[in-house]
Asks: 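Dumping the structure here so I can ask a few things about it.
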Amino acid sequence: MADYFEIDFLDVETTKSGDAIALRYSVGGQVQIHVVDGGYVDTGSSLAAHIRAHYGNPGIIDRVIVTHPDGDHVNGLRTILEEFQVRQLWMLRPWEYAAELLPRFARFNNVENLKARLKEIYPYIATLEDIAKAKGIPIGEPFQGTLLGPFAVLAPTRARYLDLIVESDKTPEATKELFEAAAAAIAELGAKVVAKVTLKLSDWGLEIFSPEETSAENEMSVVQYANICEQKILLTGDAGRGALAEAAAYAPVVGLNLPGINRFQVPHHGSRRNVSSALLDQWVGPKLANKIEPGQGTFSAIISSAKADPDHPRKAVVRALMHRGANLYTTEGKTVCSYKDSPARAGWSAVTPEAYPDDQEE
């Protein structure tokens, strides 16, 4: 059987965006199914139905990968673990490193207490762990260098992941200044209520990104790369600038010479806090001198975003990818399949790339 792949970015349609990705590929005559994230609880049944309808009604899923512990990526995977025979679950669990982390948490002097607290802080992945243990599904650690079938994990490293646990706003270390943190959160919420996003007409090539960084949890995202059918595929989860820089530094180790990605999952639903001009130059190449017509790009960029989500994707990110030659697609109201040489699907048609926005957020 000739090599092929099909990557399905499901439409996670709520008032907030989420990620649910199913993959089927044949490499060297071996067909495998690979799931990356599962969206919200209600997404799980849609994801399971999609896999059954389009991947030959399988009973087995070769591997499930949890990119990071946020509910919009994790919760739908409950259905996948419960309804399929899953051969491997790949998921980082902070409490597994409690003994090593204990000296860095001043409020705790007992490993078991810290483990329990970390499970409370990250309940979505704790639930997946419970299901996996009950069903005898082995759980692996997808740190940099791990091979997940044809995919190589580019980030995070173990050391950086442990640092992110400590740095997170959610962990006990951050709660020692409880009242100051609460006051700051209230002030920030008030600012968000009254603030309006203003748009600015911008010339081709101008890019305005947020000076703020994304969350520590997003920075924990497992970044995966594969080259299948001579197509370079990058799956990013909600990776932030730190994760993308770490992944780029490791890319040559797995034979990936940058820039040059053919199928690029845009991180964090197209947020302005996750990418920069320099990082996009590094990953997908420099800006083009002139504007291109929709559909005439040199690579595909896919954004998992909900139609009802007013915050994603940001126009600045859409513009920046098109500046570098992307045919850009969103999942708003539709599942987007990125494929090469895969079996034909009856009733499916080509999706129209997004148009170039002439304005962007200030």
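Just so it is clear, the values below take in all heavy atoms, side chains as well, and ignore hydrogens, waters and symmetry mates. We count residues from 1, following the sequence as given.
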Asks: Would you say the rings of Trp204 and Tyr356 are close, in the sense that their centroids are separated by under 6.0 Å?
Replies: yes
Asks: Test side chain to side chain donor-acceptor pair (under 3.5 Å) on Glu219 and Thr214 and set out the steps.
Replies: CA-CA 7 Å; Glu219 288 284 13; Thr214 195; over 6 Å; no
Asks: Once rounded to the nearest 0.5 Å, what's the spacing between atom CG of Leu280 and atom CZ of Phe264?
Replies: 6.0 Å
Asks: What is the distance from atom CG of Leu154 to atom OH of Tyr225, rounded to the nearest 0.5 Å?
Replies: 8.5 Å
Asks: May I ask you to decide if Asn113's main-chain N or O and Asn110's side chain share a donor-acceptor pair within less than 3.5 Å?
Replies: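 Checked: pair present.
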Asks: Using side chain to side chain donor-acceptor pair (under 3.5 Å), reason through Ser168 and Glu217 one step at a time and then give a plain yes or no.
Replies: CA-CA 7 Å; Ser168 171; Glu217 282 68 32; 2.4 Å; yes
Asks: Is there a donor-acceptor contact under 3.5 Å from the side chain of Lys287 to the main chain of Arg324?
Replies: no
Asks: Are there over 12 heavy-atom neighbours, none belonging to Glu362, within less than 6.0 Å of that residue's CD?
Replies: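 Result for CD/Glu362: enclosed.
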Asks: Using a strict cut-off of less than 4.0 Å between a Lys/Arg side-chain nitrogen and an Asp/Glu carboxylate oxygen, indicate whether Lys291 and Asp358 qualify as a salt bridge.
Replies: yes
Asks: Should Asp70 and His73 be marked as a side chain to side chain donor-acceptor pair (under 3.5 Å) after you check the CA-CA gap, both sets of side-chain angles, and the distance that decides it?
Replies: CA-CA 6 Å; Asp70 287 349; His73 291 247; 5.9 Å; no
Asks: Is there a donor-acceptor pair closer than 3.5 Å between any side-chain N or O of Gln265 and the backbone N or O of Gly237?
Replies: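 The answer is yes, because a donor-acceptor pair under 3.5 Å joins these two groups.
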Asks: Just say parallel, tilted or perpendicular for the rings of His54 and His50, cut-offs at 30° and 60°.
Replies: tilted
Asks: Is a side-chain N or O of Gln224 found less than 3.5 angstrom from the main chain of Leu235, in a donor-acceptor match?
Replies: no
Asks: Is it the case that the side chain of Lys115 and the backbone of Glu96 share a donor-acceptor pair, with hydrogens and angles ignored and the cut-off at 3.5 Å?
Replies: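 No; judged by distance alone, with no hydrogens or angles, the pair does not exist.
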Asks: Indicate, with yes or no, if Trp95 and Leu89 share a hydrophobic cluster defined by side-chain heavy-atom contacts under 4.5 Å among Ile, Leu, Val, Met, Phe, Trp and Tyr.
Replies: yes
Asks: Crowded around Lys307 NZ? As in, over 12 foreign heavy atoms under 6.0 Å?
Replies: no
Asks: Parallel, tilted or perpendicular for Tyr161 and Tyr97, by the 30°/60° rule?
Replies: perpendicular
Asks: I'd like to know whether Val222 forms a side chain to side chain contact (heavy atoms under 4.5 Å, CB included) with Trp90, so could you lay out the CA-CA distance, the side-chain angles of the two residues, the decisive distance to 0.1 Å, and finally the verdict.
Replies: CA-CA 10 Å; Val222 176; Trp90 294 89; over 6 Å; no
Asks: Answer yes if Val318 and Leu234 sit in the same cluster of Ile, Leu, Val, Met, Phe, Trp and Tyr residues linked by side chain heavy atoms under 4.5 Å apart, and no otherwise.
Replies: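 Result: yes, single cluster for both.
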Asks: Answer whether the closest heavy-atom distance between the side chains of Leu328 and Ile303 falls below 4.5 Å.
Replies: yes
Asks: Under 3.5 Å, is there a donor-acceptor pair between the side chain of Asp37 and the main chain of Thr67?
Replies: yes
Asks: Would Val153 and Leu258 show up in the same hydrophobic cluster when neighbours are defined by side-chain heavy atoms closer than 4.5 Å?
Replies: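 No: no chain of side-chain contacts under 4.5 Å links Val153 to Leu258.
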Asks: First locate atom CZ of Arg319, then atom CD of Gln360, and finally report the distance between them rounded to the nearest 0.5 Å.
Replies: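 Reported to 0.5 Å precision, the distance equals 4.5 Å.
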Asks: Would you mind reporting whether Arg78 and Ile131 have side-chain heavy atoms less than 4.5 Å apart?
Replies: yes
Asks: Under 4.0 Å between a side-chain nitrogen and a carboxylate oxygen: does that hold for Lys315 and Glu207?
Replies: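 Result for this pair is no, no salt bridge flagged.
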Asks: Please evaluate residues Asp8 and Leu23 with respect to the criterion side chain to side chain contact (heavy atoms under 4.5 Å, CB included), reporting the C-alpha separation (whole Å), side-chain torsions for both, the decisive distance (0.1 Å), and the verdict.
Replies: CA-CA 6 Å; Asp8 291 297; Leu23 304 87; over 6 Å; no
Asks: If the threshold is 4.0 Å, N to carboxylate O, is there a salt bridge linking Arg158 and Glu100?
Replies: yes
Asks: Given 3.5 Å as the limit, does a donor-acceptor pair link the side chain of Asp238 with the main chain of Ser221, or not?
Replies: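 Such a contact is absent between Asp238 side chain and Ser221 backbone.
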Asks: Ring-plane angle category for Tyr25 and Phe151, please: parallel below 30°, perpendicular beyond 60°, tilted otherwise.
Replies: tilted
Asks: Would a 4.5 Å heavy-atom cut-off, applied to side chains only, mark Val266 and Ile302 as touching?
Replies: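 Of all side-chain heavy-atom pairs linking Ile302 with Val266, none is under 4.5 Å.
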Asks: Same cluster for Leu244 and Val253 if Ile/Leu/Val/Met/Phe/Trp/Tyr side chains link at under 4.5 Å?
Replies: yes
Asks: List the steps, then state whether side chain to side chain contact (heavy atoms under 4.5 Å, CB included) holds for Leu128 with Met91.
Replies: CA-CA 9 Å; Leu128 289 191; Met91 178 174 71; 4.0 Å; yes
Asks: Just by modelled atom types, is the His268 backbone N or O under 3.5 Å from a matching donor or acceptor in the Ser271 side chain?
Replies: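 No.
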Asks: Do Arg273 side-chain atoms and Glu213 backbone N/O form a donor-acceptor pair below 3.5 Å?
Replies: yes
Asks: Flag the pair Pro313 / Glu354 as yes when at least one side-chain heavy-atom distance between them is below 4.5 Å, and no otherwise.
Replies: no
Asks: Give a yes-or-no answer on whether the side chains of Thr157 and Gln144 include a donor-acceptor pair shorter than 3.5 Å.
Replies: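 Result is no, nothing qualifies.
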Asks: Hey, is Arg93 close enough to Glu141 for a salt bridge, meaning N to O under 4.0 Å?
Replies: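 No, Arg93 and Glu141 are not salt-bridged.
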Asks: At what distance, to the nearest 0.5 angstrom, does NE2 of His68 lie from CG of Leu92?
Replies: 12.0 Å
Asks: Is it true that Val41 and Val66 fall in one hydrophobic cluster, defined by side-chain heavy atoms closer than 4.5 Å?
Replies: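 As far as the 4.5 Å side-chain criterion goes, Val66 and Val41 are not connected within one cluster.
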Asks: Is a donor from one side chain sitting under 3.5 angstrom from an acceptor on the other, for Asp3 and Ser26?
Replies: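 Ser26 and Asp3 do not have a side-chain donor-acceptor pair below 3.5 Å.
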Asks: To the nearest 0.5 Å, what is the distance between CG (Leu77) and CG (Leu47)?
Replies: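 The CG atom of Leu77 sits 7.0 Å away from the CG atom of Leu47.
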Asks: Kindly indicate whether the side chain of Asp19, heavy atoms from C-beta on, has any atom under 4.5 Å from the side chain of Val36.
Replies: no
Asks: Pick out which of Pro69, Ser215, Pro94 makes a side-chain contact (heavy atoms from CB on, under 4.5 Å) with Met220.
Replies: Pro69
Asks: So does His34 get a backbone contact from the side chain of Asp62, meaning a donor-acceptor N/O pair under 3.5 Å?
Replies: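 No; judged by distance alone, with no hydrogens or angles, the pair does not exist.
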Asks: Just verifying a value: how many Å separate Phe108 CZ and Leu102 CG, rounded to the nearest 0.5 Å?
Replies: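 It comes to 9.0 Å.
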Asks: Could you tell me whether Lys334 and Asp11 have a side-chain N and a carboxylate O separated by less than 4.0 Å?
Replies: no
Asks: What do the steps show when you test Ser300 against Arg263 for side chain to side chain donor-acceptor pair (under 3.5 Å), and what is the final call?
Replies: CA-CA 5 Å; Ser300 297; Arg263 316 294 173 107; 4.8 Å; no
Asks: Could you tell me whether Glu230 and Lys340 make a salt bridge, using a distance below 4.0 angstrom between a side-chain N and a carboxylate O?
Replies: no
